[in-house]
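Reviewing the structure listed below.
Below, chain A is the first sequence line, B the second, and so on; all start at residue 1. Everything numeric here is computed off the predicted structure, so don't read it as measured data. Values reported hereafter were calculated over all heavy atoms of this structure, with side chains retained and with hydrogens, waters and symmetry mates removed.
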Protein chains: 2
Amino acid sequence: MVEFKSVNEFRLKGGKYFMPCISIDCVIFGFHAGQLKVLLLTIANYSSCGLPAGFIYKEEHIDASAKRILLERTGLSDIFLQQFYIFGDPKRCDENITKAVFEKAGITAPADNWLLQRFLTIGYYALVDFEKVNAKPDYFSETCEWYDIDNLPPLAMDHAQIVQKALLTLRTHLRYEPVGYNLLPAKFTMPELQSLYETILGQKLDRRNFQRKMLSYGILKKLKEQRKGVAHKAPYLYSFDLRKYHKALEEGFQSAW
Amino acid sequence: MVEFKSVNEFRLKGGKYFMPCISIDCVIFGFHAGQLKVLLLTIANYSSCGLPAGFIYKEEHIDASAKRILLERTGLSDIFLQQFYIFGDPKRCDENITKAVFEKAGITAPADNWLLQRFLTIGYYALVDFEKVNAKPDYFSETCEWYDIDNLPPLAMDHAQIVQKALLTLRTHLRYEPVGYNLLPAKFTMPELQSLYETILGQKLDRRNFQRKMLSYGILKKLKEQRKGVAHKAPYLYSFDLRKYHKALEEGFQSAW
């Protein structure tokens, strides 16, 4: 791995170390207490926000690149990132952003610089508890903050489209693989699980259908305890059966055809 | 678009027209009468088979590249191709294949040739009726043929992994979007639809669960006619409600949560 000490060094030497014309963008969704957010950077000297993004070292596996980029640009580590799409419209790149970064660093960029070529970008996404992670901006960025999914600021290039595609993927994944571990307390109620799904889906769900569906997946253990300190009709507590949870992550829900 | 008249011209001039270090591989699944196959090329002067693959012109949308590559390499057109994954292991490339092609054309390749670099590859897949299409090999290949999914020949590079990932994607898609239009006759029986699913999934399904599930999606019209010429208990015929079918393709099945 190479340490670049300035934007100018990055511009001059990056082309030697990174694969050409291909980048990675990370869509980090944050959930907590009924809120769904996205992690965005404010690009230095440019009016819109952007996703944490970066490049692939010539000898690096792309999954490792995604992890490293997320760490370098936001300080987040140990995040389970999943590739979801590659964005390949030839019009998706906006060299004005790169030029703005160069300008702030006092550099005039020649048109054939490696950073000013057409880039395809590989989208990776993750879902974390935004109260449990501490994100911080890198030297390309002024801020690194969580934004409500329903109230995003203007985004650079095709990043709004990348976020929407990631959200669609996350919602689709709810249909065939489990979610919730690390986002809910170890013991949770069915309404808490339902609230997580409703927040991700952005819609209200039928209570009975939801419960029937969740129980049919076989990943929940109903505990003998009930939630304490509730006035009346204390709800039952559940926990994930982690063995079955991870099996379902690997193989998808084996619900009856 | 550029016409390359030989492998040597391709080697010498391709780097000027194509994006560097990124290719496209097409996994074309063929279904007919209870059989699932994959379309493979025999690589000239090389012992294993490979997927139809190619490169992206510098100004071309990647979806357009996938269509063009499939047409150029197999003669297939009007195929609905879907991107499913990008393969980015730095060890996935095998320069021996390129060298074998070069050798057959009487070329010694210098190590810095654009075709001998590390390539990421974008996987696209499609599902067609193999009786309705007529595939033919291009000048890189000796044959272009359908192979049973359960009996594939040795495949070049990571192409076996690419086929498996495409198959997993196809099977997963069955959970939330419709399949069957263009693969079944306009009027079909429930057992015929079930046979299609069983062939793709590679497993037997419960008849009653399957019927209940299919009807719950709201994409089928039950016709008044029954299949004729059957000895006794003639089965009902169904057709797809194409408006609802295409809506479900766009939005996924809106089955109750």
message = With a sphere of 6.0 Å drawn around OH of A:Y181, does it hold more than 12 non-hydrogen atoms of other residues, nucleotides or ligands?
response = no
task = Would you mind checking which part of B:I86 comes under 4.5 Å of any heavy atom in chain A, side chain (CB onward), backbone (N, CA, C, O), both or neither?
result = both
For chain B, which residues of residues 55-70 of chain A have heavy atoms nearer than 4.5 angstrom = A:I56, A:Y57, A:K58, A:E59, A:E60, A:H61, A:I62
inquiry  = Does any part of the side chain of A:C21, heavy atoms only, come nearer than 4.5 Å to the side chain of B:C21, both counted from C-beta?
reply    = no
query = So with a 6.0 Å cut-off around OH of A:Y236, is the heavy-atom count from everything else above 12?
reply = no
key: Contacting region of B:Q82 [heavy-atom separation from chain A under 4.5 Å]   = neither
ask   = Looking at OG1 of B:T172 and CZ of A:F253, how far apart are the two atoms once the value is rounded to the nearest 0.5 Å?
value = 12.5 Å
request  = Any chance you could lay out the side chain to side chain contact (heavy atoms under 4.5 Å, CB included) test for B:R118 and A:M19, step after step, and finish with the verdict?
outcome  = CA-CA 9 Å; B:R118 171 188 177 187; A:M19 293 196 74; 3.6 Å; yes
